[in-house]
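What you are looking at is a predicted structure, and each value in this text was computed from that prediction instead of being measured. Side chains are part of it too, since the values below use all heavy atoms of this structure and drop only hydrogens, waters and symmetry mates. The residues of the chain are indexed from 1 along the displayed sequence.
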Amino acid sequence: LFRSRPIFDLYSVEDEIQKALERTVQLKSGGHLCIDQTEAMTLGRRIAVVDRGKLQQVADPISLYEQPANRFVAGFVGTPPMNFVPGRLREQDGRLVFTAQSGFVVPLPMSPQEGLKRFGGKPITLGIRPQNIQSTQVERRPDDVPVAARVEIVETLGVESFVYLDVGGETPICSAA
């Protein structure tokens, strides 16, 4: 296939950026108000996440994604959104494990265990990004934790797919390239 026009012309990238900027509102502070999180993450250097009029976190896009201040920010930032699984932490064989309300058990990596011991026995919510769920066919790292899952649905979106899983009654989404 031979294309006579540059790829930017084919996909109207400049037009899309202009449309995104038109959907934002310029603020007196010199910033912009974006309703769409993808646009905010793409265009912003510092982003304020607001829920029902209350400021939740102000940070650069990477910090919002990797170190969300609370569950709202964690679920709002990222596509698909973060998976949340309710459960409890408990000790088993000298190691902390997460037990989901639905019953499946996940042994936690050794690295964060000291900081989590104070939550032992208390209700907590495990949050995991879809991009952090991988097939066991991918090379594993020492802190990876294998969990058995059944693939329910695969949504193919071109270069990326969303894989809907069944893990002991929970239904996390995995993002696979």
Which residues share a side chain to side chain contact (heavy atoms under 4.5 Å, CB included) with [X], sequence neighbours left out:
X	result
Q101	P86
I128	N83, N132, I133
A48	L55, V58
S161	V154, T156

Check side chain to side chain donor-acceptor pair (under 3.5 Å) between R90 and all other residues, then give those that pass, not counting sequence neighbours.
Q92, T99

All side chain to side chain donor-acceptor pair (under 3.5 Å) counterparts of Q67, not counting sequence neighbours:
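Expected list: none.
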
Any heavy-atom pair between the side chains of [Y] and [X] that's under 4.5 Å?
X	Y	result
P130	C174	no
L96	K117	yes
D60	I47	no
E155	S175	no
L165	T171	no

Mind listing the closest non-hydrogen atom pair of [X] and [Y] along with its distance?
X	Y	result
Q56	A69	O-CB, 3.9 Å
A74	R129	O-NH1, 3.1 Å
G75	P81	O-CB, 3.4 Å

Within residues 71-80 or reaching into it, pairs that qualify as side chain to side chain donor-acceptor pair (under 3.5 Å) - sequence neighbours excluded
Q37-T79

Under 4.5 Å side-chain linkage, directly or through intermediates, the cluster mates of Y164
I153, L157, F162, I173

Can you run down the salt bridge (charged side-chain N to carboxylate O under 4.0 Å, His left out) pairs that involve residues 91-101, sequence neighbours left out, and say none if there aren't any?
none

How would you list all residue pairs meeting salt bridge (charged side-chain N to carboxylate O under 4.0 Å, His left out) that involve residues 163-177, not counting sequence neighbours?
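Matches after skipping sequence neighbours: R150-D166.
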
Residues V97, L89; criterion side chain to side chain contact (heavy atoms under 4.5 Å, CB included); working and verdict:
CA-CA 6 Å; V97 296; L89 285 182; over 6 Å; no

Residues forming a ring-ring contact (aromatic ring centres under 6.0 Å, His included) with F84, sequence neighbours excluded:
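Checked F84 against ring-ring contact (aromatic ring centres under 6.0 Å, His included); zero matches.
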
Nearest 0.5 Å, what's the CG-CZ distance between L64 and R46?
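Going from the CG atom of L64 to the CZ atom of R46 covers 9.5 Å.
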
Could you please spell out the steps behind the side chain to side chain contact (heavy atoms under 4.5 Å, CB included) verdict for L108 and L116?
CA-CA 10 Å; L108 297 182; L116 294 174; 3.9 Å; yes

Picking from I124, T125, V105, what satisfies side chain to side chain contact (heavy atoms under 4.5 Å, CB included) with F98?
I124

Can you run down the ring-ring contact (aromatic ring centres under 6.0 Å, His included) pairs that involve residues 37-73, sequence neighbours left out, and say none if there aren't any?
F72-F76

With no hydrogens and no angle check, is any side-chain donor or acceptor of S102 less than 3.5 Å from a backbone partner on G168?
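Yes; at least one donor-acceptor contact below 3.5 Å.
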
Mind checking whether M82 and V77 sit in one hydrophobic cluster, side chains of I, L, V, M, F, W, Y counted as touching below 4.5 Å?
no

Distance alone, cut at 3.5 Å: any donor-acceptor contact between the side chains of N70 and Q57?
no

